Number of protein chains: 2
Amino acid sequence: MAITFRQLEIFIAVAETQQVTRASKKLILTQSAVSMALGELENQLGGPLFDRHGRSLLLNDRGRYLLPLSKAILHQVANIETILTEQQGVVAGVLEIVASSTIGNYVLPYLIGAFMRMHPEAHINMLVVNTMTAEKLVATGQADLGFVEGDINVDALIATSWFEDELGIIVSSTHKLAGHSTFKIPEDLKETSWVMREEGSGTAEIFTKKLGRHASLLKVVTKTGHTEAIKKAVESGVGAACLSMLAVCREAEEGWLKILPIEGMDMSRQLWIIQHKDKIITRLMAEFLRFCEVVAASHLGRECLASPWKLQSLLEKYKIDQESSRSSEGSRDITDE
Amino acid sequence: MAITFRQLEIFIAVAETQQVTRASKKLILTQSAVSMALGELENQLGGPLFDRHGRSLLLNDRGRYLLPLSKAILHQVANIETILTEQQGVVAGVLEIVASSTIGNYVLPYLIGAFMRMHPEAHINMLVVNTMTAEKLVATGQADLGFVEGDINVDALIATSWFEDELGIIVSSTHKLAGHSTFKIPEDLKETSWVMREEGSGTAEIFTKKLGRHASLLKVVTKTGHTEAIKKAVESGVGAACLSMLAVCREAEEGWLKILPIEGMDMSRQLWIIQHKDKIITRLMAEFLRFCEVVAASHLGRECLASPWKLQSLLEKYKIDQESSRSSEGSRDITDE
DNA sequence: AAATAGTATCAGTTGGATTGATGTCAACGT
DNA sequence: ACGTTGACATCAATCCAACTGATACTATTT
């Protein structure tokens, strides 16, 4: 048999009280139980942990070595117990989520950061993949939640709409279209060179699909795999590009890029949260979903989540929600008026 | 009942194999045992750790949170076990020693440092006290070993002689006696001012006792409680002092102070190692005692333990001892000839 | 529909942990 | 010197948690 928690507990009690008898009282056990448990532990560890002269027990060097270590271990266990036991209250655990490119790069990092700051015992891992892979991972249970753009067609999943993202034409502030307030199709199309994502990107596909018969007018000068590279290229004047507002709002706010809506064309697309149909929803998952809901409800979908104070106001909102949901536990209301 | 090591072990096995059945094979248990243990753990922790769809078990967020923590705990336990179990081989534990002033300040720190560097799993705490307190602490078992100067008169203790320390007269290099090779009594006594330790110091007592009838000739200009202060005072020319070689060898080697033996008078005193009569001698204690023995045997008692390369040669000697004592375990001899 | 391969659960057994009683030893008081 | 006290160790008996073997249940595969 191996060494036991109980044995460590008993060992610590004896070491601290310096007596088997006192320890037994503290532990509400008989003296003999303590004595035997201690003996057993000493057996397991191949030698005594105390020096015994007459009626006194004193830690020897091995015991002194063991004492802090065993205390540390028991503390850790106690921590685990309290954190995992109190599903009420603390939000704890490790959530695995997957997200498609735009969301994963430009939205979730901020949200995850904010969420984890508010719940230190929680941890969220994110994997950025394409929509299909995301579906698969959520369907097989390897991920708890997915955040995607495209439509879903796996029936083991349920998808709830999150918020709408909008695509826009971006040009550098020195571009000849920078002065315009909208992008007109097909007029402006002819005179523009384009920087595109490589095939397989949701953003690029939507763009060409929406263009329909005008798609043939696209003069593509560069294709690249990374959104950041596209932004850099556009910024340096290579051409225009079609990207999600989420990806470029920061640069637009700073004035480095200009965003043009396309006249007469709805360039919005729905973002979805997907989860397994019959997966049990844990406290942490529920909390994160609620957080995401608040984000969506705040109409911040169309605003820049990367700017600190908008995120801040978001957190306020979330916290208030949190308070009100806790007020059922008897805490007083916060009425500052 | 509380959560168990075994449960954590089983939990880890299941998490890693992703199956109760596979885990049960790995653990050499029945499938039902594993299933029940897992169920019990989930009970203890107030909720599931896995998502169960059909025949597959997948960690949920709580489980993912628990997994690394429980692994860490089991590792710690395994460490404790191996370190404390293999009394053969590794020297581990925490040794409490007490030492009187001179030894504690000028000898043991170096030895302890060297020893702990050679035995990373061992730790030695030292307390510097007077001889009487040292006796008491060792007698009551609050300390494992004592290193003292005076004679011992508690019969629960055994004292073994360690090495001889020598007292010498120290003067600054610019002192009028600095050119002499010895200190002559009583001639030189008349013309010298003295810096002394306050009463209660072993060193000061020995000096006056040895002087006997000449003690009245001492012109004491300063008394101070700290050896370092005495050295500083002597260095700056206030007067001469009588101190242990151990305390001043470094300054003497550097030429900052001059040491004069007293002509025709044996100024050596015995240093002792004391331990409780019937305390069990653990591996660590034995090892440290052997180390101290080597130090004494090296005749280095009269040399400066603070100088790096002397300590180095000491370590070599100790290591060779160590090798030869291990050769009984079947390792080949080291014969480099 | 049957076979397969996994999990959960039940009743029975075993062994470690606990108890209560007893033995032993050292410290202390008379 | 002797008995008393207060501590630890040990023994036999008990109890309960952990394990086994069998069975029921469920999802997947054929």
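It should be emphasised that the depicted structure is a prediction, and the values quoted were computed from it without experimental measurement. Protein chains get the first letters and strands the later ones, always in sequence-line order, with residue 1 at the start of each.
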Find the distance B:Leu29:CG to D:dG21:P and express it as a whole number of Å. 11 Å
Side chain of A:Ile10 only, please: which of D:dA18, C:dT18, D:dT20 is the nearest? C:dT18
At how many degrees, to 10°, do the end axes of the helix from C:dA1-D:dT30 to C:dT30-D:dA1 meet when each uses five pairs? 10°
Suppose we screen for side-chain contact (heavy atoms from CB on, under 4.5 Å). Which residues come up paired with A:Met126, at least two apart in sequence or across chains? A:Ile97, A:Ala99, A:Leu108, A:Pro109, A:Ile112, A:Val128
Looking only at the aromatic ring of each residue, does the gap between the centers of B:Phe11 and B:Phe5 stay below 6.0 angstrom? no
By side-chain contact (heavy atoms from CB on, under 4.5 Å), A:Gln31 pairs with (sequence neighbours left out) A:Val20, A:Thr21, A:Ser24, A:Ser35
Atom pairs, N/O to N/O, protein against nucleotides 6-13 of chain D, distance under 3.5 Å?
{"from": "D:dC8", "atom 1": "OP1", "to": "A:Val20", "atom 2": "N", "distance (Å)": "2.4"}
{"from": "D:dC8", "atom 1": "OP2", "to": "A:Thr21", "atom 2": "N", "distance (Å)": "2.8"}
{"from": "D:dC8", "atom 1": "OP2", "to": "A:Thr21", "atom 2": "OG1", "distance (Å)": "2.2"}
{"from": "D:dA9", "atom 1": "OP1", "to": "A:Arg52", "atom 2": "NH1", "distance (Å)": "2.3"}
{"from": "D:dA9", "atom 1": "OP2", "to": "A:Ser35", "atom 2": "OG", "distance (Å)": "2.8"}
{"from": "D:dA9", "atom 1": "N7", "to": "A:Gln31", "atom 2": "NE2", "distance (Å)": "3.0"}
{"from": "D:dA9", "atom 1": "N6", "to": "A:Gln31", "atom 2": "OE1", "distance (Å)": "3.1"}

So the salt bridge (Lys or Arg N to Asp or Glu O under 4.0 Å) pairs with at least one residue in residues 66-79 of chain B (sequence neighbours excluded) are B:Glu16-B:Lys71
Applying side-chain hydrogen bond (donor to acceptor under 3.5 Å, both in side chains), can you list everything that pairs with B:Thr30, at least two apart in sequence or on another chain? none
Given atom CG of B:Asn43 and atom P of D:dA17, what is their separation to the nearest angstrom? 13 Å
Among residues at least two apart in sequence or on other chains, which ones pass side-chain hydrogen bond (donor to acceptor under 3.5 Å, both in side chains) with A:Gln270? none
How close or far is atom C1' of C:dT9 from atom CD of B:Glu40, stated in whole angstroms? 14 Å
Between NE2 of A:His276 and P of D:dA27 the distance, given in whole Å, is 12 Å
Can you sort out the partners of B:Ser70 under side-chain hydrogen bond (donor to acceptor under 3.5 Å, both in side chains), two or more places apart, ordered by chain and number? none
With sequence neighbours left out, write down each residue that passes side-chain hydrogen bond (donor to acceptor under 3.5 Å, both in side chains) with A:Asn43, or none if nothing qualifies. none
To the nearest Å, give me how far apart CD1 (B:Ile28) and P (D:dT20) are. 10 Å
Would you say B:Arg6 places a side-chain N or O within less than 4.0 Å of OP1 or OP2 belonging to D:dA17? no
